[in-house]
Amino acid sequence: MEKKYSCCITPEEAGYTVKQVLIHKWKLGTGQIKKAKFRENGILVNGERVTVRYRLQAGDRLEVLLEDKNQASSHLIPVKGTIKVIYEDEDILVVEKPAGIVCHPSAGHYCDSMANLLVGYFAAKGEGYVVRLAGRLDRGTSGLLLYAKHAPALTELERQRTDGRMGKTYYAVLTGCPSNPEGDISEPIGEDPAVPMKQRVCSPEEGGAAARTHYEIVWRASDESCSLARVTIATGRTHQIRVHMSWLGFPLVGDALYGGMIQPGLERQALHAYRLSFEHPVTGKRMCLTCDLPKDMTELLINKTVLQK
């Protein structure tokens, strides 16, 4: 799908070079600017092709072609399926991922990932976007996923993930109830050499990377067999919430890998990314999107005796 930025140069911007405007106003990276330079009609001022060293005047119309019409995720197999769209515009897409679906194709999941479904979704609308995921969720985790529809949007969203402007909040059902209703966990996380695909709390000398998790217990079962925690993470380590809550002694219900209580009717760890906040990568508007707890987690709480606030 073709993506183009355009603007009229203000008196305050007069005298700046094209490159300065692209970097400071539109926050484009040097790689994106370089690609635009070599596209036919990639960088235009008043309809004429110019170099990035061209000095702009007030009233000039600057246009930059960021992506060509035919650019798309051609390596992905489009698959028809149901996509629950939470928000969409010409720059971003936010969807709710069900549990049990991987984000990207992998061994054994070459055509049943969220990426395949999104390519099929765009194809059905006659659009050819590249699938660009800004953050991911484990196969067994449900909730909000944010996608960028073009490279500059992804670059800005990645900046926000790094500098803390992007936030994601989860609901997790824990095995048991922590005595402390709120707390922070700051234990480094690294790979467990004894178990493939598993992570563990370990020292930096053992390969552990800094990780910080905050939890707040919002509901607990009357028999204290489980509790519902609202969880935020300041870092994005693999399996971070699952590892930290297990280390604390309260693994997620359904999480067999980390010692969680197995519950009939729940075929995955009880973890749901229900709230996502960020600044729109183009308009700068602050956005906060949410999605409800899925049916399997809701039924788990209902069936685990009456909950007390």
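- A 4.5 Å side-chain heavy-atom check between Y147 and M114 finds at least one atom pair inside the cut-off.
- Rounded to the nearest 0.5 Å, atoms CG (N46) and CD (E63) are 9.0 Å apart.
- Between the side chains of H239 and Y258, a donor-acceptor pair is found at a separation under 3.5 Å.
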Derivation of the salt bridge (charged side-chain N to carboxylate O under 4.0 Å, His left out) call for R268 and D138: CA-CA 10 Å; R268 48 95 171 211; D138 294 337; over 6 Å; no

List the steps, then state whether salt bridge (charged side-chain N to carboxylate O under 4.0 Å, His left out) holds for R161 with D163. CA-CA 6 Å; R161 288 183 62 201; D163 63 24; over 6 Å; no

Between E279 and K285, is a salt bridge (charged side-chain N to carboxylate O under 4.0 Å, His left out) present by the stated rule, with each step listed? CA-CA 5 Å; E279 295 173 8; K285 178 183 177 181; over 6 Å; no

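- Crowding of R53 atom CZ: a count of heavy atoms from other residues, nucleotides or ligands under 6.0 Å not exceeding 12.
- The cluster map of Ile, Leu, Val, Met, Phe, Trp and Tyr, joined by side-chain heavy atoms under 4.5 Å apart, puts V94 and L157 in the same cluster.
- A 4.5 Å side-chain heavy-atom check between L65 and N41 finds every atom pair outside the cut-off.
- Here the side chains of T213 and T232 are not in contact, with every heavy-atom distance at 4.5 Å or above.
- Under the 3.5 Å distance criterion, with hydrogens and angles disregarded, a donor-acceptor pair is assigned to the side chains of T141 and Q269.
- Residues V45 and L56 are in side-chain contact: their nearest non-hydrogen atoms beyond the backbone lie under 4.5 Å apart.
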Which is it for Y54 and D60 under the side-chain contact (heavy atoms from CB on, under 4.5 Å) test, yes or no, and what are the steps along the way? CA-CA 11 Å; Y54 181 89; D60 281 346; 4.1 Å; yes

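- Between T238 and I189, every side-chain heavy-atom pair lies at or beyond the 4.5 Å cut-off.
- Here the side chain of S246 pairs no donor or acceptor atom with the backbone of R242 at under 3.5 angstrom.
- Environment of NZ in K198: crowded, with over 12 heavy atoms of neighbouring residues, nucleotides or ligands closer than 6.0 Å.
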side-chain contact (heavy atoms from CB on, under 4.5 Å) between L174 and M245, worked out: CA-CA 8 Å; L174 310 180; M245 299 316 298; 3.7 Å; yes

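- The neighbour count for E191 CD, taken as heavy atoms of other residues, nucleotides or ligands under 6.0 Å away, does not exceed 12.
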Quick one, I217 with L228, criterion side-chain contact (heavy atoms from CB on, under 4.5 Å). Give me CA distance, side-chain angles, the key distance, then yes/no. CA-CA 6 Å; I217 302 302; L228 180 65; over 6 Å; no

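- Counting heavy atoms from C-beta on, the side chains of V253 and L300 come closer than 4.5 Å.
- A donor-acceptor pair is defined here as one N or O able to donate and one able to accept, closer than 3.5 Å; no such pair exists between the side chain of R200 and the backbone of V243.
- Here the side chain of Y87 pairs no donor or acceptor atom with the backbone of V95 at under 3.5 angstrom.
- The pair K125-E88 meets the salt-bridge criterion, with a side-chain N (NZ, NE, NH1 or NH2) lying under 4.0 Å from an Asp/Glu carboxylate O.
- A side-chain donor-acceptor contact under 3.5 Å links H280 and D89.
- Residues passing the ring-ring contact (aromatic ring centres under 6.0 Å, His included) test with Y171, sequence neighbours excluded: Y274.
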Quick one: do E187 and R212 satisfy salt bridge (charged side-chain N to carboxylate O under 4.0 Å, His left out)? Show the steps, please. CA-CA 7 Å; E187 297 292 334; R212 292 191 292 122; over 6 Å; no

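- Inspection of the S203 and E206 side chains reveals an N or O donor paired with an N or O acceptor under 3.5 Å.
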Carefully, step by step, assess L133 and H104 under the rule side-chain contact (heavy atoms from CB on, under 4.5 Å). CA-CA 9 Å; L133 177 59; H104 292 294; 3.6 Å; yes

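- Side-chain atoms of S142 and H272 include a donor-acceptor pair closer than 3.5 Å.
- Contact check for L145 versus C103: side-chain heavy atoms found under the 4.5 Å cut-off.
- Proximity of I43 to V18: side-chain heavy atoms (C-beta onward) are separated by under 4.5 Å at one or more points.
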